Amino acid sequence: MAAGFPEGFLWGGATAANQFEGAWDVDGKGASVSDHCTNGTHTSPKRVTIGFEEGTLYPSREATDFYHHYKEDIALYAEMGFKVFRLSINWTRIFPTGMESEPNEAGLAFYDRVFDELRAHDIEPLVTISHYEMPYALVEKCNGWEGRECIEYYLNYCRAIFERYQDKVTYWLTFNEINAGTQPFGAVLSTGTIKGFEGSIFDIPNNPQARFQALHHQFVASALAVKYAHEHYPQFKMGCMIAFSAQYPYSCNPADVLSAQYEMDIMDWYCGDVQVRGAYPYFAQRIWDEQGVKIAMEPGDIEALAEGTVDFYTFSYYMSTAVSTDPSLAGIEGNLIGGVKNPYLESSDWGWQIDPEGLRWSLNEIYARYQIPLMVVENGLGAFDKVEEDGSIHDSYRIDYLRRHIECMRDAVADGVDLIGYTPWGCTDLVSASTGEMAKRYGFVFVDKYDDGTGTLARSRKDSFYWYKKVIESNGADLA
Ligand code: BGP
């Protein structure tokens with residue numbers, strides 16, 4: 001039998017402000033890109049609007065209202081035994097347009113209350129500095145991260161929150177799923193390179209030049225923030241966050257093998273290599289050439305990247321995909337990228353292929369390459385939940401998904417991987433990033449909120465809540 005999890009393993013859950021907090025215009029908060037996104041469904045994509053349409057639902061605006069429920073939510077996390085809670089700070093709560101020189105005190109005070117509440121329950125905060133909610137004013141000003149000035153705006157934001165929360169927060173992640181910027185869809189979620197765009201998120205014009213330039217600016221901003229943190233707050237632990245997608249060759253045809261390697265270079269390694277190793281990977285030039293991209297760099301950028309490498313590597317893992325050169329094979333959807341259907345795997349109701357062993361494989365691949373502590377900061381099953389007449393929710397499918405992934409993490413630990421924590425996604429139900437739905441639920445805690453915007457926002461425990469509590473109590477030994 002595999003060895004267990006190390007002592008002090010950080011069990012918990014993960015959320016993001018734009019999908020969880022709501023209160024989008026409360027206490028001086030400005031509008032983020034996510035506040036300009038309408039609801040959608042699996043089959044009908046969400047839209048970005050420049051102005052706000054009367055009568056249209058913008059789900060991030062209320063989300064599931066952590067802003068007014070944080071005490072109750074944190075009490076539920078404490079009941080499950082969380083050691084760590086991943087949340088993000090809403091940039092526009094602190095700097096409403098991203099460009100102010102002084103932070104918004106009411107915004108800062110909110111996170112003081114949240115961190116104090118977590119500390120009171122002995123829960124360690126893990127803070128994502130930027131999670132899919134760039135200030136919309138920066139999209140209008142400089143096409144989001146394509147504008148180099150965003151580096152300074154971001155650093156101003158980092159300095160303000162580091163200073164304010166230095167005694168309350170130790171673990172920081174500079175950008176959520178920074179590699180979203182390597183994919184067309186990342187323009188809205190992450191790089192904000194959507195100036196003047198209005199319409200379905202699937203119709204965003206593909207502009208690799210803007211995205212890869214924006215990514216360069218994010219890399220420099222991340223590195224400078226890490227360097228600054230190391231110099232001023234040596235107690236901080238600074239991490240990167242990558243959407244990791246295990247991509248298998250569909251067959252042993254060498255063309256498929258090479259293709260899978262190429263896709264992983266772009267999606268999985270390009271960003272991690274910069275943030276962990278401190279330099280662009282050897283294959284970067286090939287990618288730029290093939291995508292017709294020329295990166296404008298300034299003196300000092302290369303040095304900054306080298307000096308601002310992260311202390312630990314975190315990633316989201318939901319699924320794997322297969323890669324083939326055969327265009328006749330059936331495709332599948334996935335987190336940020338799709339691929340080819342793998343005949344050995346089942347899929348979720350949203351078409352994401354379920355592959356626990358792929359998590360063990362990924363942990364080994366990542367650790368072999370970087371040799372620094374790893375944390376799985378998102379994982380989980382987006383599923384429809386049914387509330388029974390007595391109010392109970394029997395989510396055995398979610399328990400099964402999580403159990404199988406935890407078993408594979410345990411195997412990876414036995415393989416020798418230095419895994420320090422696990423925070424399943426959307427521990428309390430929240431809005432889906434890809435579709436804007438409520439129906440795609442991940443939580444241990446159910447929230448009475450529905451796709452049409454109705455609901456009381458009342459919280460209740462699903463079966464998985466009690467199960468996960470046992471998992472944490474036993475440090476991952478009891479998965480029954
Ligand atoms: C990741 C994001 C999260 C989250 C998750 C699940 O890409 O970091 O913000 O939403 O995916 O995705 P979805 O909500 O689309 O099911």
Side-chain angles (χ1 to χ4, degrees), residues 4-17 19-21 63-66 68-88 113-128 169 171 314 316-318 375-383 385 387-388 391-407 409-410 419-430 441-449 457-480:
F5 289 92
E7 213 176 299
F9 189 78
L10 293 167
W11 296 98
T15 60
Q19 290 155 263
F20 192 28
E21 267 179 17
T64 45
D65 200 24
F66 177 67
H68 297 106
H69 291 76
Y70 70 93
K71 280 195 179 196
E72 187 185 347
D73 288 334
I74 292 170
L76 287 162
Y77 303 150
E79 192 181 326
M80 276 187 277
F82 278 21
K83 315 285 179 219
V84 66
F85 172 54
R86 177 175 175 229
L87 72 164
S88 69
R113 296 195 290 278
V114 170
F115 296 141
D116 290 345
E117 194 68 21
L118 288 168
R119 288 276 171 225
H121 287 96
D122 276 331
I123 300 175
E124 186 77 43
L126 165 62
V127 173
T128 319
V169 178
Y171 292 92
T314 80
S316 58
Y317 179 88
Y318 292 92
M375 209 188 282
V376 178
V377 296
E378 286 185 30
N379 172 239
L381 181 70
D385 286 332
V387 185
E388 306 294 337
S392 56
I393 297 145
H394 303 308
D395 56 342
S396 54
Y397 37 88
R398 182 167 295 110
I399 294 174
D400 183 57
Y401 176 101
L402 294 170
R403 177 191 294 121
R404 291 165 61 208
H405 284 78
I406 295 173
E407 278 166 0
M409 289 194 314
R410 197 163 62 185
L419 178 64
I420 60 171
Y422 179 57
T423 58
W425 176 247
C427 44
T428 301
D429 287 346
L430 38 67
R441 294 175 186 270
Y442 287 88
F444 302 114
V445 175
F446 184 86
V447 180
D448 187 66
K449 174 86 194 269
L457 297 169
R459 275 59 175 156
S460 55
R461 297 165 185 78
K462 305 182 192 177
D463 284 358
S464 56
F465 179 99
Y466 303 102
W467 173 82
Y468 193 47
K469 180 174 166 21
K470 273 195 313 175
V471 171
I472 298 179
E473 246 162 36
S474 65
N475 197 25
D478 182 0
L479 301 177

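Both backbone and side-chain heavy atoms feed into the values below; hydrogens, waters and symmetry mates do not. Here the structure is a predicted model, which is why all the values come from computation and not from measurement.
Taking 4.5 Å as the limit, some side-chain heavy atom of L381 sits within range of a side-chain heavy atom of Y397. By the 4.5 Å heavy-atom criterion applied to side chains, V447 and F20 are not counted as neighbours. A heavy-atom distance below 4.5 Å is not found between the side chains of E21 and S88. Under the 4.5 Å side-chain criterion, counting only non-hydrogen atoms from C-beta, T15 is not in contact with F66. Using a 4.5 Å heavy-atom cutoff, the side chains of L87 and P125 are in contact. Side chains of M375 and L126 form a contact here, defined as non-hydrogen atoms less than 4.5 Å apart.
Judged by distance alone, with hydrogens and angles left aside, the side-chain atoms of R398 form a donor-acceptor pair with the main-chain N or O of R441 at under 3.5 Å. Remark: the backbone N or O of V387 is not paired with any side-chain donor or acceptor of S392 at under 3.5 angstrom. Distance alone, capped at 3.5 Å, is enough to place a donor-acceptor pair between the K462 side chain and the G443 backbone.
Remark: T423 pairs with no residue by the side-chain hydrogen bond (donor to acceptor under 3.5 Å, both in side chains) rule, at least two apart or across chains.
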Throw together a table of side-chain donor-acceptor distances under 3.5 angstrom for residues 470-480, partners on residues two or more places apart or in other chains.
from : atom 1 : to   : atom 2 : distance (Å)
K470 : NZ     : A480 : O      : 3.3
E473 : OE2    : K469 : NZ     : 3.4
S474 : OG     : K470 : O      : 3.0
S474 : OG     : V471 : O      : 3.1
S474 : OG     : A477 : N      : 3.3
S474 : OG     : D478 : N      : 2.8
N475 : OD1    : W11  : NE1    : 2.8
N475 : ND2    : F5   : O      : 3.0
N475 : ND2    : P6   : O      : 3.4
D478 : OD1    : A480 : N      : 3.1

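The pair D429-K449 does not count as a salt bridge, with every side-chain nitrogen at least 4.0 angstrom from each carboxylate oxygen.
Under the 30°/60° scheme for interplanar angles, the aromatic rings of Y77 and F82 are found to lie parallel. Between Y318 and Y442, the ring planes lie perpendicular to each other; the angle is over 60°, past the 30° to 60° tilted range.
A side-chain N or O of D395 and one of S464 form a donor-acceptor pair less than 3.5 Å apart.
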